Engineer: 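Okay, handing you the structure first.
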Amino acid sequence: FNTGPRPDLYAGTSPLEGVKAVISQVASSGRADTVLTIIDVRRAYFYARAQRRVFVELPADDWRPGDEEMCGLLQASLYGTRDAARNWEAELGGYLQELGLTKGKANSCLYGNTNGSICVAVHGDDMTCCASRAELCRNSNQPSF
């Protein structure tokens with residue numbers, strides 16, 4: 001009987017120290033063009049692709065004649081499914097890495113670039129970001145969630 005965390009369901013959560021580190025980066029940068037951004041992605045789990053086959057009962061309001069015995073296969077994660085947080089972590093992590101950020105070695109919820117001008121702490125669907133205005137403008141043409 002295994003009671004440890006399952007890696008296929010586990011999603012890391014940044015401790016408060018990660019957010020404090022990002023805020024400290026802004027405060028100690030000494031540059032007037034460094035900004036702090038806090039992002040809350042609404043309905044984040046719906047943006048993450050389902051990684052396993054999950055079937056759900058169709059709501060009675062969506063039934064058409066003959067659908068009473070049918071179920072739905074999720075294409076995206078859904079709040080309440082066991083791996084929704086893990087799927088969102090993988091989706092967001094992939095997106096941040098496409099932008100050129102590197103996942104932290106000591107904390108997998110911290111991301112940054114090689115010259116230290118961008119620092120991001122991820123806590124579920126919330127992100128605390130530190131970047132120079134120039135970096136924000138350089139990445140502003142990227143697609144958003």
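Being a predicted model, the structure only gives us computed values, none of them experimental.
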Engineer: Give, for atom CE of M127 and atom CD1 of I39, the distance between the pair rounded to the nearest 0.5 Å.
Structural biologist: 4.5 Å
Engineer: Can you spot which of N113, L96, L99 makes a side-chain contact (heavy atoms from CB on, under 4.5 Å) with I118?
Structural biologist: N113
Engineer: Measuring only between side-chain heavy atoms, which start at C-beta, is S108 closer than 4.5 Å to E89?
Structural biologist: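 In contact.
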Engineer: Mind checking the CD-CG spacing from Q97 to L92? Nearest 0.5 Å is all I need.
Structural biologist: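 The distance works out to 9.5 Å.
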Engineer: Roughly how far, to the nearest 0.5 Å, is CD of Q25 from SG of C129?
Structural biologist: 12.5 Å
Engineer: With a 4.5 Å heavy-atom cut-off, do D83 and R52 have their side chains touching?
Structural biologist: yes
Engineer: So, the side chain of E69 versus the backbone of D67: is there a donor-acceptor pair under 3.5 Å, distance only?
Structural biologist: no
Engineer: Measuring only between side-chain heavy atoms, which start at C-beta, is V56 closer than 4.5 Å to L78?
Structural biologist: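 V56 vs L78: side chains touch.
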Engineer: Are L36 and V22 packed together at the side-chain level, in the sense that at least one heavy-atom pair is separated by less than 4.5 angstrom?
Structural biologist: yes
Engineer: With the side chain counted from C-beta on, respond yes when L58 and M70 share a heavy-atom pair under 4.5 Å apart, and no when they do not.
Structural biologist: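 SC-SC contact between L58 and M70 confirmed.
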Engineer: Within the 4.5 Å heavy-atom criterion, are Q75 and R49 side-chain neighbours or not?
Structural biologist: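 They are not in contact (no side-chain heavy atoms under 4.5 Å apart), so the answer is no.
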Engineer: Less than 4.5 Å apart, side chain to side chain, heavy atoms only: is that true for Y45 and N87?
Structural biologist: no
Engineer: Drop me the distance from T114's OG1 to L101's CG, to the nearest 0.5 angstrom.
Structural biologist: 9.5 Å
Engineer: Using every non-hydrogen atom in the two residues, find where V26 and S29 come nearest and quote the distance to one decimal.
Structural biologist: O-OG, 3.2 Å
Engineer: Could you tell me whether a side-chain N or O of Y79 sits under 3.5 Å from a main-chain N or O of A44, the two making a donor and an acceptor?
Structural biologist: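 Here the side-chain-to-backbone pair exists.
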Engineer: Is there side-chain contact between C130 and T34, with heavy atoms separated by less than 4.5 Å?
Structural biologist: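 Yes, their side chains come closer than 4.5 Å.
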Engineer: Tell me the closest heavy-atom pair linking Y47 and R42, and the distance in Å.
Structural biologist: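 Nearest heavy atoms, Y47 then R42: CE1-O, 3.4 Å.
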Engineer: Quick check against the 3.5 Å criterion: does N107 have a side-chain atom that pairs as donor or acceptor with the backbone of G104?
Structural biologist: no
Engineer: Do V41 and F46 sit in the same hydrophobic cluster, where Ile, Leu, Val, Met, Phe, Trp and Tyr count as joined when their side-chain heavy atoms come under 4.5 Å apart?
Structural biologist: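 Yes, same cluster.
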Engineer: Using only atom types and a distance under 3.5 Å, with no angle test, would you say the side chain of D126 pairs donor to acceptor with the backbone of D40?
Structural biologist: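 Not at all, since once roles are kept as given, no pair shorter than 3.5 Å links the two residues.
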Engineer: Has the side chain of S24 got a donor or acceptor atom that lies under 3.5 Å from a matching backbone atom of K20?
Structural biologist: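 Not a single qualifying donor-acceptor pair exists.
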Engineer: Going from OG on S77 to CZ on R86, what distance comes out if it is rounded to the nearest 0.5 angstrom?
Structural biologist: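 One gets 11.0 Å once the value is rounded to the nearest 0.5 Å.
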Engineer: What do the steps show when you test V122 against Y111 for side chain to side chain contact (heavy atoms under 4.5 Å, CB included), and what is the final call?
Structural biologist: CA-CA 8 Å; V122 177; Y111 292 82; 4.0 Å; yes
Engineer: Any donor and acceptor pair, going by atom type alone, linking the side chain of W88 with main-chain N or O of G124 inside 3.5 Å?
Structural biologist: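 Here the side-chain-to-backbone pair exists.
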